[in-house]
Enquirer: 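One structure is given below, represented as structure tokens, and several questions about it will come after.
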Amino acid sequence: MTILRSDFLRTIVDRGFLHQCTDLRGLDDHMANNSTTAYIGFDCTADSLHIGSLLPIMLLRHLQNCDHKPIVLIGGGTTKIGDPSGKNAARKLLSDDEILHNMNSIKKIFDKFLKFGDCLTDAVIVNNADWLDSINYISFLRDFGKYFSINRMLNFDSVKLRLKREQQLSFLEFNYMILQAYDFLKLSHHYKCTLQIGGSDQWGNIVNGVELGRRIDGRNLFGLTIPLMTTASGSKMGKTADGAVWITDRLSPWNYWQFWRNTKDTDVERFLKLFTELPLDEIKRLSNLKETDINYAKKILANEATRLAHGTIAATQAAKTAEQTFEDNSSIAEGLPTIMISTTELDNGIHAFILFTMAGLATSNSEARRLIKNGGAKINNDVVNNETELICTTHIKNGFIKLSAGKKRHILIKTQM
């Protein structure tokens, strides 16, 4: 096995980030001897990023901690095209206003993980619309189109899989890999960026960028990919039965903490390496805990991951709320997610199954009825036996009514005039 000299590459190999590299030995020499500028692109398809994007964000953080410079490339231009990589169908095309709204919202996430400023290794955010929006199509084709082989592009997984499945791939999407390669060239020219990082599904696009730099003016560029994240059960990271696990406040710190706390035993060590900055020897100690003791390691994982995304105060509050909720049944944890219901509605009483639907603990009244019939619904820690039981102001305890669906999902009802 290659002995790595670069602190950054040693770190990401030891922690499980590295999937592929265009030239690992060359990149190691380059990073061991130079402060390196690297970029990762994030398109603006939503107004937040979910934890499927957390792995590349953590990689940028490690990059900066090892005295290299991260570039966050926001795809204000490429979002108008849509990346076909890993997709079974074309993305929904967004308006310019929607893209701008999403971009401004996404930018705030990176402030929590990276240091921005004017120093050598401070991160910068760049928008590829700054150069893509002004491209002259004919000139672009003449200057750069000749460097791309259709034969080869058809063999990249992002294209080949769609064609094999006889799923439509538009000419618009087909252009995406050319534009991504052009992004790398522009960043290399203007920011001396020599490394592009992306998910393993981006390998073909990244190789195109490395080769374009070499063919245009002999640039020595590098590409590196990280594994696409799945859980031990094989499910894709970032999605749950209840929806996306958002990094921003679209998901409360409590629910974010709970997601990590509910990690499968077999995922604990891997997630501690990837999503926290705990030393590896401490991670090994925690992951060696057995049976119920592994729950302590899961709490550490939840605390550390939530601290990075939401801050120390929010992480501490989430941990306290969890303790009150799951370990002290005599109390109602005020840190749980809360919804407001008018006093008038509660004065008249609300059927239990309707209240569980209103609170979002069931997607429909019929699902709420099943939840209650199966004994999975509780109010103030007491099992609800009658789906039509009227819940009213007499159920308020310490200013709240606590609803529980199963062991892990809880919400508080608070009244307002």
Side-chain angles (χ1 to χ4, degrees), residues 1-42 53-75 107 109-128 130-131 180-200 202-227 273-274 277 280 308:
M1 183 177 179
T2 303
I3 298 175
L4 299 170
R5 297 189 298 129
S6 159
D7 289 341
F8 171 69
L9 289 177
R10 280 202 309 272
T11 297
I12 68 169
V13 167
D14 289 346
R15 300 185 83 96
F17 283 90
L18 181 63
H19 182 68
Q20 287 175 292
C21 184
T22 55
D23 178 7
L24 184 60
R25 187 178 295 279
L27 179 60
D28 185 45
D29 289 341
H30 180 72
M31 299 193 80
N33 296 309
N34 303 278
S35 178
T36 300
T37 300
Y39 93 91
I40 299 179
F42 300 86
S53 298
L54 190 56
L55 198 65
I57 294 173
M58 290 297 296
L59 197 66
L60 288 178
R61 186 176 172 92
H62 284 299
L63 183 85
Q64 189 170 49
N65 288 341
C66 292
D67 296 323
H68 301 289
K69 185 179 184 71
I71 295 178
V72 176
L73 180 69
I74 300 292
K107 284 179 179 179
I109 295 172
F110 297 98
D111 288 331
K112 301 174 181 179
F113 293 88
L114 301 172
K115 179 180 179 291
F116 291 87
D118 299 321
C119 296
L120 180 65
T121 61
D122 284 346
V124 294
I125 292 182
V126 179
N127 178 8
N128 64 12
D130 291 346
W131 54 83
Q180 184 170 328
Y182 184 62
D183 283 345
F184 197 3
L185 186 68
K186 294 292 286 187
L187 293 175
S188 176
H189 285 169
H190 292 283
Y191 293 92
K192 298 181 179 178
C193 178
T194 53
L195 173 62
Q196 180 183 175
I197 301 170
S200 59
Q202 296 292 311
W203 179 249
N205 296 354
I206 291 173
V207 169
N208 269 333
V210 170
E211 294 185 352
L212 182 64
R214 177 178 56 81
R215 290 170 176 168
I216 291 290
D217 50 15
R219 290 177 179 271
N220 190 25
L221 304 179
F222 302 94
L224 183 154
T225 63
I226 53 183
K273 286 181 177 180
L274 295 173
E277 295 176 316
L280 290 176
L308 288 171

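Counting begins at 1 with the first residue of the sequence.
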Enquirer: Using every non-hydrogen atom in the two residues, find where R5 and D29 come nearest and quote the distance to one decimal.
Expert: NH2-OD1, 3.1 Å

Enquirer: As an exercise, state the distance from CG of L18 to CG of L224, rounded to the nearest 0.5 Å.
Expert: 5.0 Å

Enquirer: Evaluate the side-chain proximity of R214 to L221: yes if any heavy-atom separation is below 4.5 Å, no if none is.
Expert: no

Enquirer: Does the side chain to side chain contact (heavy atoms under 4.5 Å, CB included) test come out yes or no for F113 and L54, once each step is laid out?
Expert: CA-CA 10 Å; F113 293 88; L54 190 56; 3.7 Å; yes

Enquirer: So, S35 side chain and D67 main chain: donor-acceptor pair closer than 3.5 Å or not?
Expert: yes

Enquirer: With ring centroids as reference points, do Y191 and Y39 lie under 6.0 angstrom apart?
Expert: no

Enquirer: With side chain to side chain contact (heavy atoms under 4.5 Å, CB included) as the test, pick out the partner of V72 among N127, I109, L114.
Expert: L114

Enquirer: If you round to the nearest 0.5 Å, how far is CG of D183 from CH2 of W131?
Expert: 5.5 Å

Enquirer: Search all heavy atoms of V124 against all heavy atoms of K69 and return the closest pair with its distance.
Expert: CG1-NZ, 4.0 Å

Enquirer: How many angstroms lie between CZ in F42 and CD1 in I57, if you round to the nearest 0.5 Å?
Expert: 5.0 Å

Enquirer: Would you confirm whether T121, through its side chain, and Q64, through its main-chain N or O, come within 3.5 Å as a donor-acceptor pair?
Expert: no

Enquirer: Verify the neighbour count for atom NZ of K115: are there more than 12 heavy atoms of other residues, nucleotides or ligands below 6.0 Å?
Expert: yes

Enquirer: Taking the side chain as everything from C-beta on, heavy atoms only, tell me whether F184 gets closer than 4.5 Å to L212.
Expert: no

Enquirer: To the nearest 0.5 Å, what is the distance between CD on E277 and NE2 on H62?
Expert: 6.0 Å

Enquirer: Going from CG on L4 to CG on D28, what distance comes out if it is rounded to the nearest 0.5 angstrom?
Expert: 4.5 Å

Enquirer: Within the 4.5 Å heavy-atom criterion, are K186 and D130 side-chain neighbours or not?
Expert: no

Enquirer: Closest heavy-atom contact between D23 and G26?
Expert: OD1-N, 3.0 Å

Enquirer: Any idea which heavy atoms bring F17 and L274 closest together, and the distance?
Expert: CZ-O, 3.4 Å

Enquirer: Identify the heavy atoms of I197 and A38 that sit nearest to each other, and give their distance.
Expert: CD1-CB, 4.2 Å

Enquirer: side-chain hydrogen bond (donor to acceptor under 3.5 Å, both in side chains), that's the test. Do Q196 and Q202 meet it? Break it down for me.
Expert: CA-CA 10 Å; Q196 180 183 175; Q202 296 292 311; over 6 Å; no

Enquirer: Can D7 and R10 be counted as an ion pair, charged N to O under 4.0 angstrom?
Expert: yes

Enquirer: Passes side chain to side chain contact (heavy atoms under 4.5 Å, CB included), R219 versus V210? Steps please.
Expert: CA-CA 8 Å; R219 290 177 179 271; V210 170; over 6 Å; no

Enquirer: Do R61 and L308 have side chains that approach each other closer than 4.5 Å (heavy atoms only, starting at C-beta)?
Expert: yes

Enquirer: Residues in ring pair (Phe, Tyr, Trp, His ring centres under 6.0 Å) with H68, at least two apart?
Expert: none

Enquirer: For a quick test of reading the model, state the closest non-hydrogen atom pair linking P227 to G16 and the distance between them.
Expert: CG-O, 3.9 Å

Enquirer: With a 4.5 Å heavy-atom cut-off, do T22 and W203 have their side chains touching?
Expert: yes

Enquirer: What verdict does the side-chain hydrogen bond (donor to acceptor under 3.5 Å, both in side chains) test give for H189 and D217, after you've listed the backbone C-alpha separation in whole Å, the side-chain angles of each residue and the deciding distance to 0.1 Å?
Expert: CA-CA 10 Å; H189 285 169; D217 50 15; 3.0 Å; yes

Enquirer: How many angstroms lie between CD1 in I3 and CZ in R25, if you round to the nearest 0.5 Å?
Expert: 9.5 Å

